[in-house]
Amino acid sequence: MSILESPELGLRGRVDALRTRDGQTIPYEHKRGRCYRDENNQPQAWDSDKLQILAYAYLIESALGIPIAQGRIRYHADNVLVHVPLDDLGRATVRDAIQQARILRQSSHRPPVTDNERMCARCSLAPVCLPEEARLAHNREWQPMRLFPPDDERQVIHVLEPGTAVGRTGEQLKLSRRGQPVETVPVRQVGQLVLHSFSQISTQALHFCVTQGIGVHFISGGGRYIGSFDTRQGSIQRRIHQYQALNQPDTCLELARKLVTCRGQGQRKFLMRGKRGSQGKSAKLKRAIAQMKAVLKNVSSAPSRESLLGLEGNLAASYFAALPCLIAATVPPELRFDHRNRRPPKDRFNALLSFGYALLIKDVMNAILTVGLEPALGFYHQPRSQASPLALDLMEIFRVPLVDMVVMASINKGQWDVQADFDVRGVQVWLSDTGRRKFVGLYERRKQETWKHPVTGYSLTYRRLLELEVRLLEKEWFGEGGLFGQLVVR
């Protein structure tokens, strides 16, 4: 049946079935589950189902001018057909529900989470409003169910070869590489499209990606994050609340303290891993771990953003000074490093870190745009380059688990060819084509690994954790805070 619309009622919808019985037109709804039974064990419609069929019946009356006496609901689990009469009380119920929906739509505030947690289990909006996490924020004894999807099985397509053209053919993306057969990928299997170097995308393909919710991102041939295609629609209220919250200095300072603590603790825990099982570890490593512990004690009481920047700088200096202590003795000297440098990287280790951080900020931007927040307004970093402050804020949480640990593990396992995987140009060192392809594989596999969230207690993949962390940040200014910035390496 085609979609019906009634301007008078403000309703629009499509009924499952419309049948004629004894000269009467009757709308039908089909439900997979079981019906509700009253105290006498008589089958009844659930309240939400009853309102739905009454709304459809009233809509048909208004849109088609056909008198409707009743609607019917078939519950297939117990093979029960429930009759719901459309009388004056039923019409009044529908009008009241429409009025409540209009009031709710005009409000810029999200309604509170229902007290009946069973209603959230199958709700399609649960991954957006995070009802179990909201209950946990108000009651730390709550043991939340995981209603947030554990993984995103769609592919992240990295177009690494310069000159590659991305187009559209039917319901597929078409990749045309120089000297290679054309590759097609069904669009439903794609979550992100990452264009490296001088690859191209057609207008038709870009428009197709927008309609399908596919993130499109650009990274330079040197491994620098350039930007993302912003496809946000209808998220203005989210951004208004974000503007209001992050214009409050106290709110920003508190969030910044959590961020610096999270990153500092993660870095310290990663260094502590290097001490395990080794009696003769470097005194430099032990000293750095002790220094970071002392600095972290002052973060929670830092009086200003400027003082936080100083504490963060001390933490980073201790961390990167001790990081070489984690490199195995068998690693060739070309892959070692003694300090962090950027723009451009001057050794192979820093080249790996820089490229990894470019991929990470791309994924953080994708999560921010998916949620609908404003990446240009952060709470810690200030706008001073092409990178978005909120993305720079959030990527601090994931630097250690998604980049630093991947780089260190791959170097210690001897996975890099010091000649073939790197391109040395004077004092500058970049990843070669084969190096970038290898790193992308390592990074994407890392994102597929699962991690048990230390606060919520459920497990999900890192690529889903990125979006979850953005949504937990949003809860900080909706009165459901305390869960953001808790991801620390064990």
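Computation of the quantities below employed the complete heavy-atom set of this structure, encompassing side-chain atoms and omitting hydrogens, waters and symmetry-equivalent molecules.
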**Request:** Among T450, L460, I397, find the one that has a side-chain contact (heavy atoms from CB on, under 4.5 Å) with L465.
**Result:** L460
**Asked** Quick one: does E469's side chain get under 4.5 Å of L487's, heavy atoms only?
**Response** yes
**Message:** Walk me through whether Q180 and R178 qualify under side chain to side chain donor-acceptor pair (under 3.5 Å).
**Reply:** CA-CA 6 Å; Q180 297 184 33; R178 292 175 179 174; over 6 Å; no
**Request:** Check the pair L392 / V364 against side chain to side chain contact (heavy atoms under 4.5 Å, CB included), numbers first and verdict last.
**Result:** CA-CA 8 Å; L392 292 174; V364 171; over 6 Å; no
**Between Y75 and R32: side-chain donor-acceptor atoms closer than 3.5 Å** = no
**Flag side-chain contact, heavy atom, 4.5 Å: H158 against R436** = no
**Asked** Is it true that D404 and R399 have a side-chain N and a carboxylate O under 4.0 angstrom from each other?
**Response** no
**Asked** Where is the tightest heavy-atom contact between V488 and G266, given as atom of each residue plus distance?
**Response** CG1-N, 3.8 Å
**Request:** Verify whether one side chain among Q486 and H453 offers a donor that lies under 3.5 Å from an acceptor in the other.
**Result:** no
**Item:** Heavy-atom donor-acceptor pair, W46 side chain to R34 backbone, under 3.5 Å
**Value:** yes
**Message:** So R446 and M405, do their side chains get closer than 4.5 Å, heavy atoms only?
**Reply:** yes
Atom pairs and distances, side-chain donor-acceptor, residues 162-170, under 3.5 Å, sequence neighbours left out:
{"residue": "T164", "atom": "OG1", "partner": "E161", "partner atom": "O", "Å": "2.8"}
{"residue": "R168", "atom": "NE", "partner": "G170", "partner atom": "O", "Å": "2.8"}
{"residue": "R168", "atom": "NH2", "partner": "G170", "partner atom": "O", "Å": "3.4"}

**Request:** Measure from the side-chain N and O atoms of Q242 to the backbone N and O of L377, and report whether any donor-acceptor pair falls under 3.5 Å.
**Result:** yes
Can you give me every donor-acceptor pair (side chain of residues 366-376, partner residue at least two apart or in another chain, under 3.5 Å) with its distance?
{"residue": "N366", "atom": "OD1", "partner": "H217", "partner atom": "NE2", "Å": "3.0"}
{"residue": "T370", "atom": "OG1", "partner": "N366", "partner atom": "O", "Å": "2.7"}
{"residue": "E374", "atom": "OE2", "partner": "A376", "partner atom": "N", "Å": "3.0"}

**Residues R463 and D363 bridged, charged N to O under 4.0 Å** = no
**Item:** Side-chain donor-acceptor pair present, W142, E132, cut-off under 3.5 Å
**Value:** yes
**Request:** Go through D88 and R91 one step at a time and tell me if the salt bridge (Lys or Arg N to Asp or Glu O under 4.0 Å) criterion holds.
**Result:** CA-CA 5 Å; D88 291 340; R91 294 182 182 90; 3.5 Å; yes
**Request:** Examine R74 relative to Y28 and say whether NZ or CZ is less than 6.0 Å from the centre of the six-membered ring and inside a 45° cone about the ring axis.
**Result:** no
**Note, W451 side chain near S459 side chain (heavy atom, < 4.5 Å)** = no
**Prompt:** Going by an N to O cut-off under 4.0 Å, is there a salt bridge joining R471 and E467?
**Reply:** yes
**Message:** I'd like to know if E474 and R238 make a salt bridge, using a cut-off of under 4.0 Å between side-chain N and carboxylate O.
**Reply:** yes
**Message:** For R305, give me all partners under side chain to side chain contact (heavy atoms under 4.5 Å, CB included), at least two apart in sequence or on another chain.
**Reply:** L309, Y380, Q382
**Asked** For residues Q237 and R239, is any side-chain donor paired with an opposing acceptor at under 3.5 Å?
**Response** no
**Prompt:** Checking side chain to side chain contact (heavy atoms under 4.5 Å, CB included) for the pair F218/H196: CA distance, chi angles, key distance, verdict?
**Reply:** CA-CA 6 Å; F218 302 89; H196 296 254; over 6 Å; no
**Distance (rounded to the nearest 0.5 Å) between S300 OG and E254 CD** = 9.0 Å
**No-hydrogen, no-angle side-chain donor-acceptor test under 3.5 Å, K362 and Q192** = yes
**Prompt:** Do I68 and I26 touch side chain to side chain, with heavy atoms closer than 4.5 Å?
**Reply:** no
**Request:** Might you work through the side chain to side chain contact (heavy atoms under 4.5 Å, CB included) test for E133 and T456, ending with a clear yes or no?
**Result:** CA-CA 7 Å; E133 291 78 2; T456 64; 4.2 Å; yes
**Message:** Looking only at side-chain N and O atoms, does D151 offer a donor or acceptor that is under 3.5 Å from a partner on T461?
**Reply:** yes
**Request:** Taking S202 for its side chain and A205 for its backbone only, find out whether a donor-acceptor pair lies under 3.5 Å.
**Result:** yes
**Request:** Examine distances only and state if a side-chain atom of S62 and a backbone atom of L59 form a donor-acceptor pair shorter than 3.5 Å.
**Result:** no
**H30 and D16 side chains, donor-acceptor separation under 3.5 Å** = no
**Asked** Is the closest side-chain heavy-atom distance between L359 and F439 below 4.5 Å?
**Response** yes
**Item:** Close side-chain approach of I66 to E61, heavy-atom, < 4.5 Å
**Value:** no
**Request:** State, yes or no, whether a side-chain contact exists between W477 and L246 at a heavy-atom distance under 4.5 Å.
**Result:** yes
**Request:** Work out which heavy atom in I73 is nearest to a heavy atom in K31; give both atom names and the distance.
**Result:** CG2-CG, 3.8 Å
